[in-house]
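Data block below; observations after.
All chains are named by letter (A, B, ...) in the order of the sequence lines, taking the proteins before the strands, and each is independently numbered beginning at 1.
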Amino acid sequence: MNAPIYINVAIAVPIDQTYTYQVPETFKDSCFTGVRVMVPFGRQTLSGYCLEFTDDPPVDKIKCIFDVLDETPLFYPDMVPLFKWMARYYCFPIGQVVKSCLPDGLSVITANTAKITPAGRKKLLSENMNPVEQKVLQYLDKGQQPLKNIQKHFKNKVPMSCIRRLERHLYVQIEKKEIRGAAAPKCIQYARFNPGCQFKPDSVTSRQQELIQMIRHAGEISVADIRKQGFSSQILKTVHQKGFLEFFDKELYRDPFGETIPPDTYLPIPTKHQATAIQTIENRIGQGFQVYLLYGVTGSGKTEVYMRITNAAISKSRTALILVPEIALITQVERQFRARFGDCIAVLHSRLSNGERFDQWMRIVRKQATIVIGARSAIFAPLENIGIIIVDEEHDASYKQSTQFRYHGRDVAAMRGKMADAVVVLGSATPSIQNYYHGMQHKYQILQLPNRIHNRPMPVIQVVDLKQNVGMRGMRRIITPELEHALKKNYENNQQSLLFLNRRGFATLPVCVQCGETMMCKNCDIAMIFHKNIHAYKCHYCGFTRPHNTQCPNCATGELKKLGYGTQRLEQDVSALIPDARVTRLDQDTTQKKDPLSTYSKNCGIIKLISWLARK
DNA sequence: AGCACGCCGACT
DNA sequence: GTCGGCGTGCTC
Ligand SMILES: [Zn+2]
Ligand SMILES: [Zn+2]
């Protein structure tokens with residue numbers, strides 16, 4: 001008789017505790033740290049995460065797990081101490097910590113689902129029944145529904161007791177149902193010639209023979225491609241039934257960017273400071289935990305340092321994790337890394353679809369990707385044996401999650417690095433005070449890149465006091481003579497100009513000509529912004545809109561004057577100022593696409609990017 | 001978070 | 001009596 005196996009399970013409920021379950025013999029070979037398990041929890045059945053094995057159960061009454069949901073663990077055991085640390089440090093229930101660290105769309109939800117019974121259908125015909133119950137039965141007659149949906153459908157007007165009464169009278173049956181998340185590896189059906197068959201050309205029609213020839217020629221080909229070549233699904237079915245070809249599923253890797261990037265052909269020679277930084281970090285990889293603060297001015301070539309030290313980690317058989325604050329920047333960094341490292345890169349960020357994110361996650365778990373580039377949540381990527389964690393633009397506030405589980409990506413990075421004996425590199429041209437202090441205290445080591453690459457001079461900065469424009473109207477308040485001159489000079493020299501303005505929209509201040517009040521959002525107490533493209537006022541906080549001809553809500557009759565200067569207006573005015581220049585606006589309204597910076601890096605013509613990139 | 005239990009007032 | 005509203009406590 002083997003000793004019973006116990007596991008500690010974290011369940012995504014707001015309870016600051018794990019629970020111990022027994023693993024029955026049937027699951028002893030499939031239950032690992034990092035898989036999800038279905039467990040009985042009170043009267044419910046929930047999915048939980050297997051965190052660790054244990055020998056001594058804390059209480060006497062130990063239940064058994066019902067099922068193991070994953071073949072492959074979703075994370076490696078070395079994440080468990082990090083989960084526990086985060087749960088304590090950020091005061092967040094451990095089950096929900098684990099849940100928020102894993103990609104969305106995996107959670108299996110079990111819902112109490114109500115289903116109408118034959119007796120219920122009969123009752124529905126008899127007509128003499130409580131109207132509320134009748135409505136519920138009619139609703140369920142169209143198909144079974146989770147209890148929550150019933151509540152939602154009837155706007156909480158149906159008391160639970162009513163449903164329970166229906167159950168008691170056996171008009172409905174209530175049982176627990178699993179609703180699986182949508183994210184599963186996307187598979188494509190492929191066909192190939194069945195090598196085991198005895199192919200007799202005279203046993204098929206000429207069209208069927210064409211198909212077989214084509215498939216034999218191709219080796220393997222997706223069913224979708226076969227259909228594209230004009231073969232019907234019927235003919236495919238027939239040939240399959242005759243045993244000449246076989247179908248198989250191939251997992252599709254959804255490349256979020258789908259483009260091939262030519263490899264780097266030459267390596268830039270590092271500057272003296274770069275070389276020192278690279279050497280220092282490289283020597284440390286594999287020698288234990290250390291945080292470096294890479295303090296490099298803009299244009300000093302931090303990315304080159306990142307790539308060199310990533311390469312060092314890879315050649316020491318370790319993995320690398322690169323955190324970038326903005327999704328827009330991920331694309332840039334990814335392109336450079338892909339050019340040097342090829343396909344062993346996974347990308348994780350919030351704009352991937354659940355399916356794409358799941359694919360990337362599993363590529364990392366299966367060690368098909370050893371370099372991960374991503375935004376904040378990528379710090380939880382299931383990499384094993386991490387050699388280096390790089391946090392680019394370390395000072396950036398978007399590393400701090402500001403809802404729910406309020407972790408700080410940069411601090412978690414430091415802790416993960418510490419637990420994994422990895423090297424952590426925090427890069428910034430303007431380090432955060434906290435980390436600079438750590439550097440001064442020699443807790444972190446500061447590496448400086450004081451010069452720009454190729455000894456390019458630092459940009460000339462001229463501060464222009466806008467107070468000199470106080471009396472001006474329209475664009476002259478914003479575009480000073482100095483700026484106009486600089487823009488025109490750039491245009492004549494065939495160079496780009498970038499203009500930054502931290503106000504989205506066209507007019508940012510709708511003021512009533514009659515009473516002088518500013519029109520605020522009725523929900524949010526901030527000014528409504530006029531947007532030219534939708535020709536309406538919009539609240540940037542809640543999205544509430546009002547039509548363009550809205551009258552002052554305060555005095556009800558006053559016209560609104562569109563004051564204040566936003567990016568759309570700047571775009572219009574600059575176009576008027578230099579009519580031949582190509583002007584592109586880059587703000588949240590135009591940046592929704594996955595690759596906003598591509599135009600920026602490709603076009604060397606005369607482009608003005610009027611924008612506010614950094615933060616909403 | 002669910003879900004039970006239990007107590008109490010408002011109805012048949 | 002019974003229904004249902006809500007406060008309290010538990011979940012391996
Ligand atoms: Zn008014
Ligand atoms: Zn609003």
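Applying the 6.0 Å contact sphere to CG of Asn523(A) captures more than 12 heavy atoms from other residues, nucleotides or ligands.
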Can you name the atoms? Protein N/O to nucleotides 4-6 of chain B N/O, anything below 3.5 Å, with the distance.
none

Strictly under 3.5 Å: I want the nitrogen or oxygen pairs between protein and nucleotides 8-12 of chain C, one per line.
{"from": "dT11(C)", "atom 1": "OP1", "to": "Lys61(A)", "atom 2": "NZ", "distance (Å)": "3.0"}
{"from": "dT11(C)", "atom 1": "O3'", "to": "Gly42(A)", "atom 2": "N", "distance (Å)": "3.0"}
{"from": "dC12(C)", "atom 1": "OP1", "to": "Tyr21(A)", "atom 2": "OH", "distance (Å)": "3.2"}
{"from": "dC12(C)", "atom 1": "OP1", "to": "Pro40(A)", "atom 2": "O", "distance (Å)": "3.2"}
{"from": "dC12(C)", "atom 1": "OP2", "to": "Lys63(A)", "atom 2": "NZ", "distance (Å)": "2.2"}
{"from": "dC12(C)", "atom 1": "O3'", "to": "Thr20(A)", "atom 2": "O", "distance (Å)": "2.5"}
{"from": "dC12(C)", "atom 1": "O3'", "to": "Lys63(A)", "atom 2": "N", "distance (Å)": "2.9"}
{"from": "dC12(C)", "atom 1": "O2", "to": "Thr20(A)", "atom 2": "N", "distance (Å)": "3.1"}

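Checked against side-chain hydrogen bond (donor to acceptor under 3.5 Å, both in side chains), Tyr399(A) has no partners two or more places apart in sequence or in another chain. Residues that satisfy the side-chain contact (heavy atoms from CB on, under 4.5 Å) test with Thr310(A), not counting sequence neighbours, are Ile314(A), Ala320(A), Ile322(A), Phe337(A), Phe341(A), Ile371(A), Ile390(A). Residues meeting the side-chain hydrogen bond (donor to acceptor under 3.5 Å, both in side chains) test with Tyr6(A), sequence neighbours left out: none.
Sorted by first and then second residue, the pairs that involve residues 380-393 of chain A and meet side chain to side chain donor-acceptor pair (under 3.5 Å), not counting sequence neighbours, are Tyr306(A)-Asp392(A), Lys367(A)-Glu384(A).
The distance from the OG atom of Ser432(A) to the CD atom of Glu394(A) is 3.5 Å, given to the nearest 0.5 Å.
Using cut-offs of 30° and 60° for the angle between ring planes, the Phe405(A) and Tyr90(A) rings count as perpendicular.
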